[in-house]
Structure formats: structure tokens, C-alpha cells
Amino acid sequence: MNSHISKLSPVVSVDWLHDHMKANNLIILDGTIGKVFDLEHIQIPNSRFFDIKKKFSDVDSPFPSTCPSPKQFQKEARALGINKDSAVVVYDDKGIYSSARVWWLFKTFGHDRVAVLNGGLPAWQNKEYITTKMSMYSGEPGNFEARYKPENMVFFEETRQASKNKSHYIIDARSKGRYNSQEQEPRAGLRMGNIPNSVNLPFVDLMDQGVLKSNETIERLFAKLARKEDPIIFSCGSGITACVLALGAHISGYNNIAVYDGSWTEWGTLVADD
């Protein structure tokens, strides 16, 4: 008899996933970003491709990977067969990168039974667990219901006021080189710089070879920057790796946290210089 997952930690190991593969409400999502559907792509068995760019972003926005509407998210989640009681585990092919964005989107739309696979596909392959070639989901639609939590996402004007008034801690997940204007931005034509009154915590500092460091180590990183009761806004290049920091903060006991959806791509475009 298949088991039913009633509770899910924010992060699960590849061993845990391997042991729960037959759970009757488990949905495994491949949240790898920047790839098109490819039948040669390797994935964890029974994975369903969560297309951040084309299905789960506002494609009409001038900025990349911005948050979809509740209607759009619900429609696309149902198309992947996701139900209200689904236990969702998401991974990507880099370790932990875009999978955290998927995790944050589910939480933003009211679904807390969602976890990031620690180490992602590389960690799964390192254990020599079975992989399969990619296939499109063609099963029954789900009954997922989106319940938008606006406190999880902030936008340009809110972030501008937070920067000006120093009402929030603004933590930037980009590399130190990008934050300090020592590296060009990957987006063509986007100026270098950072949001005034922000601080830098590169998302890679939370990990060792794509696997999260210990909870204690991550908690110490955040404790250097803010107290657990402080309001925090996470930013990055386009709202993807900011969610890695949101994941780290969440597991460290921070609850007053939000992601700046447009992040530096929006800020650097709308604000000429600081």
C-alpha cells in the first residue's frame, strides 16, 4: 500500500526522496531553468517539468521570471496534475538554484507542503539512483487552488521606500563582484551597481557544491546581518537566487521575509544611478 505524505520539511535529502517515491500524493518537479523541453534531458523518475520561464512567469512583463497571476499559477499547476493535498518536491540540475524559486512560488500561492531537494539532480546522480529521459506530463489535471500571499513578494515602489527609509534589511544574493560593480551584469545593457542601503550575502555562501551547509552554519550567516524579528527583503538579478536566501532564512527561523520580484534587473533599469 502506498504511503501518504502529510508533512514536508522545507528541504529533503535525496535519500528521503528515494525512500518516498511511491507515496500516493508525491509530485516531483524538475524546476531547472534555462532549458527547453528535450527528450534527451535526464531527470529523476516521474518528474514533471516546471517551466519557470514560459508557464510560471508573467511573460508580458518587461523583466524576466516575474511572478505570475494567481489565475495563471493555478491553471499551470493543475495542468501538471498538482492537487490541493500534493506533497511537492522540486529540484534543478545545478544543486539548489532555480528550485528555490519554485518552492517560494508555491508558498506565495498558499501551498506549504513543498520542499527543495538538497543537492538536486547532481546529488541524486552521485548516489547512483535511477534516472530517466524526460517526458511530458499527460495525466489527469489536478485540483490545486492558488491562495496568493502578497506579503511574500515586494515590487519596485515598496523596495524603493524600504531602501529610502531603511525600514527593511535588503539582502542581495548576487556575487560580491556584481554587488560591488566589479563584474558586468549578465543581462546585456544592464548597468552595474546595487540597491542603496542593501547588504550582500551571495547565495552560493549557503552551499557547498550545491548542497546546503548545516542549519547552524546558515543561521550564523543570517545572524550577522539581521535579527529574526527584523523585516527582510531579498534581491538578486531577476528574483531567482533571492529565493535561495529566502529558503535559508526560512529554515533559520526568519518569518518576516519577502522577495523583490524584479530585483536588480528592474531596479537597474528604472533607476539611472544612485
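All figures in this text were calculated on a predicted structure; none of them were measured in a lab.
One N or O on the side chain of Asn25 and one on the backbone of Asp85 form a donor-acceptor pair closer than 3.5 Å. In this structure, Thr265 contributes its side chain and Gly237 its backbone to a donor-acceptor pair below 3.5 Å. A donor-acceptor pair is defined here as one N or O able to donate and one able to accept, closer than 3.5 Å; such a pair exists between the side chain of Asn118 and the backbone of Leu212. Within the 3.5 Å criterion, the main-chain N or O of Ile195 finds a donor-acceptor partner in the side chain of Ser198. A distance-only check finds no donor-acceptor pair linking the side chain of Glu76 to the backbone of Phe56 [under 3.5 Å]. Judged by distance alone, with hydrogens and angles left aside, the side-chain atoms of Ser47 form a donor-acceptor pair with the main-chain N or O of Ile44 at under 3.5 Å.
In this structure, Lys75 places its NZ atom where only 12 or fewer heavy-atom neighbours from other residues, nucleotides or ligands lie under 6.0 Å away. In Tyr97, the OH atom is not crowded: 12 or fewer heavy atoms of neighbouring residues, nucleotides or ligands sit closer than 6.0 Å. Counting non-hydrogen atoms of other residues, nucleotides and ligands closer than 6.0 Å to CG of Asn180 gives a total above 12. Surrounding CD of Glu151 are more than 12 heavy atoms belonging to other residues, nucleotides or ligands, all under 6.0 Å away. Atom CD of Glu229 sits in a crowded spot, with more than 12 heavy atoms from other residues, nucleotides or ligands closer than 6.0 Å. The environment of Glu157 atom CD is dense: over 12 non-hydrogen atoms of other residues, nucleotides or ligands sit within 6.0 angstrom.
Note that OG of Ser57 is 7.5 Å distant from CG of Leu105, once rounded to the nearest 0.5 Å. Note that CD1 of Ile52 and OG of Ser238 are 9.5 Å apart. Values are rounded to the nearest 0.5 Å. If you take CG on Leu201 and CD1 on Ile171, they are separated by 6.5 Å, rounding to the nearest 0.5 Å. Taking CD1 of Ile218 as the start and CG of Leu245 as the end, the distance is 10.0 Å to the nearest 0.5 Å. Here the straight-line distance linking atom OG of Ser138 with atom CZ of Arg48 works out to 9.5 Å at 0.5 Å rounding. For the atom pair CZ of Phe49 and NE2 of His41, the computed distance is 7.5 Å after rounding to the nearest 0.5 Å.
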Begin with the C-alpha distance, continue with both residues' side-chain angles, and end with the deciding distance and a verdict on side-chain contact (heavy atoms from CB on, under 4.5 Å) for Tyr137 and Leu29. CA-CA 11 Å; Tyr137 176 71; Leu29 297 178; over 6 Å; no
Might you work through the side-chain contact (heavy atoms from CB on, under 4.5 Å) test for Met153 and Trp104, ending with a clear yes or no? CA-CA 9 Å; Met153 290 286 188; Trp104 191 247; 3.7 Å; yes
Arg174 vs Asp172, test: salt bridge (Lys or Arg N to Asp or Glu O under 4.0 Å). Steps then yes/no. CA-CA 6 Å; Arg174 293 176 299 161; Asp172 192 319; 2.9 Å; yes
Ring pair (Phe, Tyr, Trp, His ring centres under 6.0 Å), that's the test. Do Phe73 and Phe144 meet it? Break it down for me. CA-CA 9 Å; Phe73 190 91; Phe144 180 87; 5.7 Å; yes
Is there a side-chain contact (heavy atoms from CB on, under 4.5 Å) between Asp205 and Lys176 once you walk through the steps? CA-CA 11 Å; Asp205 287 4; Lys176 284 181 168 59; 3.6 Å; yes
Test log, rule side-chain contact (heavy atoms from CB on, under 4.5 Å), inputs Trp267 and Ser163: CA-CA 11 Å; Trp267 187 281; Ser163 169; 4.2 Å; yes
What do the steps show when you test Lys7 against Asp112 for salt bridge (Lys or Arg N to Asp or Glu O under 4.0 Å), and what is the final call? CA-CA 9 Å; Lys7 290 185 178 181; Asp112 288 327; over 6 Å; no
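Residues Ile28 and Ile5 are members of one and the same hydrophobic cluster, defined by side-chain heavy-atom contacts under 4.5 angstrom among Ile, Leu, Val, Met, Phe, Trp and Tyr. Note on Leu17: it does not cluster hydrophobically with Ile96, by side-chain heavy-atom contacts below 4.5 Å among ILVMFWY residues. The cluster map of Ile, Leu, Val, Met, Phe, Trp and Tyr, joined by side-chain heavy atoms under 4.5 Å apart, puts Leu121 and Tyr129 in the same cluster. Taking hydrophobic clusters as Ile, Leu, Val, Met, Phe, Trp and Tyr residues chained together by side-chain heavy-atom distances below 4.5 Å, Trp124 does not share a cluster with Phe50.
Residues Gln209 and Pro122 form no side-chain contact, since every pair of their non-hydrogen atoms from C-beta on lies 4.5 Å or further apart. Here the side chains of Ile33 and Lys53 are in contact, with some heavy-atom distance below 4.5 Å. In this structure the side chain of Val199 never reaches within 4.5 angstrom of the side chain of Tyr169, judged on heavy atoms. Phe106 is not listed as a side-chain neighbour of Val90, based on a closest heavy-atom distance of 4.5 Å or more. Side-chain contact between Tyr91 and Gln43: present, with at least one pair of heavy atoms (C-beta onward) separated by less than 4.5 Å. A 4.5 Å side-chain heavy-atom check between Leu117 and Val12 finds at least one atom pair inside the cut-off. The closest side-chain heavy-atom distance from Glu185 to Arg191 is not below 4.5 Å. By the 4.5 Å heavy-atom criterion applied to side chains, Phe109 and Pro70 are counted as neighbours.
Considering Phe222, Trp103, Phe234 as possible partners of His250, the one that fulfils the ring-ring contact (aromatic ring centres under 6.0 Å, His included) test is Trp103.
Between Ile251 and Gly248, the shortest heavy-atom distance links the atoms CG1-O, 3.2 Å.
Using a 4.0 Å cut-off between a side-chain N of Lys or Arg and a carboxylate O of Asp or Glu, Lys228 and Glu219 qualify as a salt bridge.
Side-chain contact annotation: Thr32 with Asp30, donor-acceptor N/O pair under 3.5 Å present.
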